[in-house]
Amino acid sequence: MSTNTDTDEEERTERKDSEELFAEHEAQLNELLADVEGPDAPEAESTLPSLGDGVTRRDVMKAGAAVGAVGGLAGCAGLGNNTATESNSGGDVPDHKVPPGEHDEYYGFWSGGHAGDIRVYGIPSMRQLTRIPVFNRESAKGYGHDDRTTEMLEEAGDYTWGDSHHPSLSETDGKYDGEYIFVNDKANGRVARVNLTYFETDAIVDIPNVQSVHGCCIQSPDTGYVFANSEFRTPMPNDGRDVNEPEEYVSVFSALDPESMDVLWQVEVDGQLDIVDSDKDGRWVLSSSYNDEEGVEVEEMTKDDRDDVKAFDVPAIQELVDAGEYEEVNGVPVVDGTKESPHNEGDDPIVRYIPTPKSPHCVEVTPDGKYGMVAGKLSPTVSIIDIEKLATADDPADTIVGQPKVGLGPLHTTYDDRGHAYTSLFIDSQVVKWDIEEAVNAEKGSEEPILGKIDVHYNPGHIQAVQAMSTEPEGNWLVALNKLSKDRFLPVGPIYPDNDQLIYIGNDKDDETGGMELVADHPVYPEPHDAIFAHKDKIEPATTWDPEDYDEEFVSEEDSRVERVDDSTVEVYASVKRSEYGLRDFTVQEGDEVTLTATNIEGTQDIVHGLAIPEHDVNLALAPQDTRQVTFTADEPGVYWIYCTYFCSALHLEMRSRMIVEPSE
Ligand code: K7E
Ligand code: CUA
């Protein structure tokens, strides 16, 4: 590190800024927590545990800030456990940098939050490989510009955006099979499917009786269903009835068919469903849930000390549906799963209500399918649900077999292949590593199972380790999806990037972090919530389209033509290749509705062409062997140069056609 006086001076200023930032932010968070917990909450003292040896959380955070500042100035530094790795890893952290020309070992699929897309990264390099538009229209890939994808978006509600949170990879036998990603839209109550052959969204359903889908997952081990939790409680149906009677509002759990994407059935429950995960045997599905008070204001929602996690017995629900024991609402069979439902009487309820500390945030099932972890959010604990006990325990509370005290603001949990869990601590700005079996054996509320904590920067939401949602966790890389980046990057105006941090978890060490090493910061465009990582061998994308996989006519050079359908409708067909369109020009009449069908006839990988028509909002992206159609009105007479948007050859700029629109008289 430089000893230059200017640098020292800068360093001091920077450190001070970080300290100030921390103090400010901590005060805000405390205020928030106090607000949410209300005046009857336990003293701040007891919710802010000391880290032992007289070191307070504030000290640790300060140290983290200082290290961050030094790391930022010097590139890498050897201070503490939380710095960049090159100088202090002792060589036992594999290089996350992937040399030019080489490939990453894993695919990472990130939800884009209210950007509405999915982003694809290589891990461990964290290089962004592509983005898959889902609920958003996107010009680079022509998504929401051609008729096929536009119609899909229109039929699914025609919203201009969505809020993607939870990507779930399809599985066969508990292992990722590389076929699909399913993802929810929190904003509009939808679920979409991305086809991983083409890395393109191929289905979106707007789920009836649901305003907002938050949790979304597939049924393990064989993608039997896709499950979606409605977060917001609404009247059922939400057609103007019961608007002033919040006690009549309901939250529903929906099951979809992964192939047809039809909504098969729904279960109405008490409380407000949140995140969802499946066991590994196709029986139980666990949903975190808050607001069992069924309030509509924050004070009401957090009044009680308990909320009930819901465990859905899926085969039992399917049996009821098959037997016609439901009410049909908006075309969907809805089963009563509320506490008072007759289906929940007796020894085999279809929904088990498991009491946990209030307002838990998530549930993630361990790779071996034994436990479901429910993070406390407002409680510093994680509740461990023993899945086997769900079928047998007389009292649902007995299914909670452990409750380690992990730290402040626990939100999400992920796993390695060695029996460890990792939980994000939003308020503490840390990831905590703990031993699952030890936590089951320890007293509830014990900190004994904690193996180490690492600072992250700052305020993590989801964390995810490689293949941790399948039965094959790899136990090497973990990403903390931090909500705030504060001082970590060059400032870019008031909306900051998030900071996704890569952490190596392959070493178990008896040190402060339990062997976790922070490897890289990675700025991301707002605002991913969750991610899922699969080994590269599990994903087999196509390099060109197969015309069998779409309905549009494949237009060869010979087929390129103009067909007048009637006085005001014209169909234009054009092949596309380097460096020409099958029609050098075509003529239509002013006011014509034009349907243009274009095929990229090339078989060569990576030769993509575009087809853009200025002043007509026409923009097609054509991968090799793909055909797309677009319909528009030629409403102004004139000459319009059609051009190619993808740089495809030395004659790319010359790759043109002319649309001539003749005046109507
Ligand atoms: Cu915790 Cu929507 Cu998964 Cu965000 S949710 S963090
Ligand atoms: Cu085709 Cu540029």
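All ligand and atom numbering here is 1-based and tracks the order in the structure.
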Quiz prompt | Flag, side chain of S164 to backbone of G112, donor-acceptor distance under 3.5 Å | solution = yes
Quiz prompt | 2.8 Å cut-off met by an N, O or S atom of H462 to atom 2 (Cu) of ligand 1 | solution = no
Quiz item: Would you find a donor on one side and an acceptor on the other, under 3.5 Å apart, between the side chain of D277 and the backbone of M373?
Solution: no
Quiz item: Taking the six-membered ring of W110 as reference, does the NZ or CZ atom of R119 fall below 6.0 Å from its centre and within a 45° cone about the axis?
Solution: no
Quiz item: Atoms of ligand 1 less than 4.0 Å from H412 heavy atoms?
Solution: 1 (Cu), 3 (Cu), 5 (S), 6 (S)
Quiz item: Which of the numbered atoms in ligand 1 are below 4.0 angstrom from a heavy atom of H361?
Solution: 1 (Cu), 5 (S)
Exercise. Please write down residue, atom name and distance for the protein heavy atom closest to atom 4 (Cu) of ligand 1.
Key: H529 ND1, 2.1 Å
Quiz item: Hey, is D146 close enough to K141 for a salt bridge, meaning N to O under 4.0 Å?
Solution: no
Quiz item: Should D163 and K186 count as an ion pair when the cut-off is N to O under 4.0 Å?
Solution: no
Self-check item: Atom of H165 closest to atom 2 (Cu) of ligand 1, considering N, O or S atoms
Solution: ND1
Quiz item: Considering only heavy atoms, does K186 approach ligand 1 within less than 4.0 Å through its side chain, its backbone, both, or neither?
Solution: neither
Quiz item: Which ligand 1 atoms does H214 reach within 4.0 Å, using its non-hydrogen atoms?
Solution: 2 (Cu), 5 (S)
Quiz item: N/O/S atom of H166 under 2.8 Å from atom 3 (Cu) of ligand 1, yes or no?
Solution: yes
Quiz item: Does the side chain of E200 reach to within under 4.5 Å of the side chain of R148, using non-hydrogen atoms?
Solution: yes
Quiz item: What do we get for I275 next to ligand 1 when only non-hydrogen atoms under 4.0 Å count, side chain, backbone, both or neither?
Solution: side chain
Exercise. Using salt bridge (charged side-chain N to carboxylate O under 4.0 Å, His left out) as the criterion, point out the one residue from D270, D274, D292 that pairs with K310.
Key: D292
